[in-house]
Amino acid sequence: MAAKKATKKPNVSGDTLKEYYREMLLIRRFEEKAGQLYGMGLIGGFCHLYIGQEAVVVGLEAAAEEGDKRLTSYRDHGHMLACGMDPNGVMAELTGREGGYSKGKGGSMHMFSKEKHFYGGHGIVGAQVPIGAGLAFSDKYKGNNRVTFTYFGDGAANQGQVYETFNMAAIWDLPVIFVIENNQYAMGTSQQRSTSTPDIYTRGAAFGIPGEVVDGMDVLAVKEAGEKAVMHCRAGKGPYILEVKTYRYRGHSMSDPAKYRTREEVQRVREERDPIERVREMLLTGKHASEEDLKAIDKEIKKVVNESAEFAKTSPLPAESELWTDIVA
Ligand SMILES: Cc1ncc(C[n+]2csc(CCOP(=O)(O)OP(=O)(O)O)c2C)c(N)n1
Ligand SMILES: [Mg+2]
C-alpha cells in the first residue's frame, strides 16, 4: 500500500484546521526554544526534539476522546503538548526545576500526567510498547471503552518485546493502537539498513493485527486514519497498527552531528512536505485565514513559549529533601 496522497480539500471546518495549525506551531516553537535553552546550557542530559513530526500527534489527538491514554519514547515533548499538558511544566522539567512535571527529577524523557492520561516518556527503546498493552488491558478489564495510543519508532519496531506484545494484544483483543512513527532513522541508521522489509505496517499480519500506512506529514490524513483505528478498537475488534511516515528535521538528539544524511535531503523534506506549511497553504487558499490571522496565531504561540522559558529559568531547583520523595522502596 502506498502512502496516502495529501488531502486536497480539508474535510474539517476552517476553525478546526486553524486549531491544528496552532497546535503544530506550538510544538515547533516550543522545540526550537528547548533547542536554544539546551545550547545555553540550561538543559542538561538528553534532549530529543520532535521538529518535523508535529502532524503525527496533532492528527491522532484529534481522533482521541477524553480518557484515552497515550505513551511514547524519549521523543516526547510533542505528545505532551498535544494532549494538553502545560508548556510551563514541560519546559521547567527540561531545565530540572521544581515546577516541572516530575519536580525536576525526571528531565526530558521522564514526565507523566495522570490528569491528561500521559504515561511517559520512556528512555529504553521499545519499553513503552508492553506498557501500552498493559494500560489497554486495564481498560478492557474495566469495560470503559477507552483506547491507548502506544507510539514507537521505526527502530523500536525491530525490538523483540514488540512482537510478544502484538501476540498478547491480539489474543486478548486489547484496545490499543500501535503507532509506528517511521521517521526513517534510528539514531544514525536509516530504515533501509535496519529493517528487512520496508512496510512496517504489515508486521502484525502474523498475529492477525490489521495495519495501515499513512502520510505523517498530512495532519488530516493522520486524523482520518486515527479515527478508523479508534473505531476498530472501540468496536472490540482488538489492536490496530498505524505506520505513520514522517521525518525528523533535527538530529537524533541535541548531541547528534547528523553525518549519516545530507543537508539536501533534510532541506527537500522541509520544502516539499512540511506539515505546518501544508496547513498554512490550505488555510490561505481556502480563505479560512488571512496572513494577518496567521501572524496573530504566531504571536500568541511565541508568547506562550517565551513564558514557558521564563518559568523554566525562574522556577527554583528542587529542594534537597526532594531526594527522598517519590521513591518506590
Ligand atoms: C534497549 C535500548 N537499546 C538501545 C538504545 C539506544 N537508542 C536510543 S534511541 C535509539 C534509536 C531508536 O530509533 P527509533 O525507534 O526509530 O526512534 P526515533 O529516535 O527515530 O524517534 C537507540 C538505538 C536504548 N535507549 N535502548
Ligand atoms: Mg526513527
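Counting from 1, the numbers follow the sequence of the chain as shown. Read the numbers this way: they start at 1 and go in the same order the structure lists the ligands and their atoms.
Asp274 places a side-chain N or O within 3.5 Å of a backbone atom of Glu277 that can act as its donor or acceptor partner.
Salt bridge absent: Glu300 and Lys303 never bring a charged side-chain N and a carboxylate O closer than 4.0 Å. We find that Arg278 and Glu281 are not joined by a salt bridge, their nearest charged nitrogen and carboxylate oxygen being 4.0 Å or further apart.
The aromatic rings of Tyr247 and Tyr185 sit perpendicular, their planes meeting at an angle over 60°, well past the 30° parallel limit. Taking the six-membered ring where tryptophan is involved, the planes of Phe152 and Phe166 are tilted, since the angle between them lies from 30° to 60°.
Taking the six-membered ring for Trp, Phe46 and Tyr74 have ring centres at least 6.0 Å apart.
Panel detail: the Mg ion (ligand 2) has protein N, O or S atoms under 2.8 Å away, 3 in number.
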Item to check | Step-by-step side chain to side chain contact (heavy atoms under 4.5 Å, CB included) determination, Ile301 to Val304 | outcome: CA-CA 5 Å; Ile301 296 292; Val304 172; 5.6 Å; no
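At a heavy-atom cutoff of 4.0 Å, ligand 1 is surrounded by Tyr74, Arg75, Gly123, Ile124, Val125, Gly153, Asp154, Gly155, Ala156, Gln159, Asn183, Tyr185, Ala186, Met187, His252.
In this model, a donor atom of one side chain and an acceptor atom of the other lie less than 3.5 Å apart for Glu181 and His79. Under 3.5 Å, the side chains of Thr150 and Thr148 contain no donor-acceptor pair of N or O atoms.
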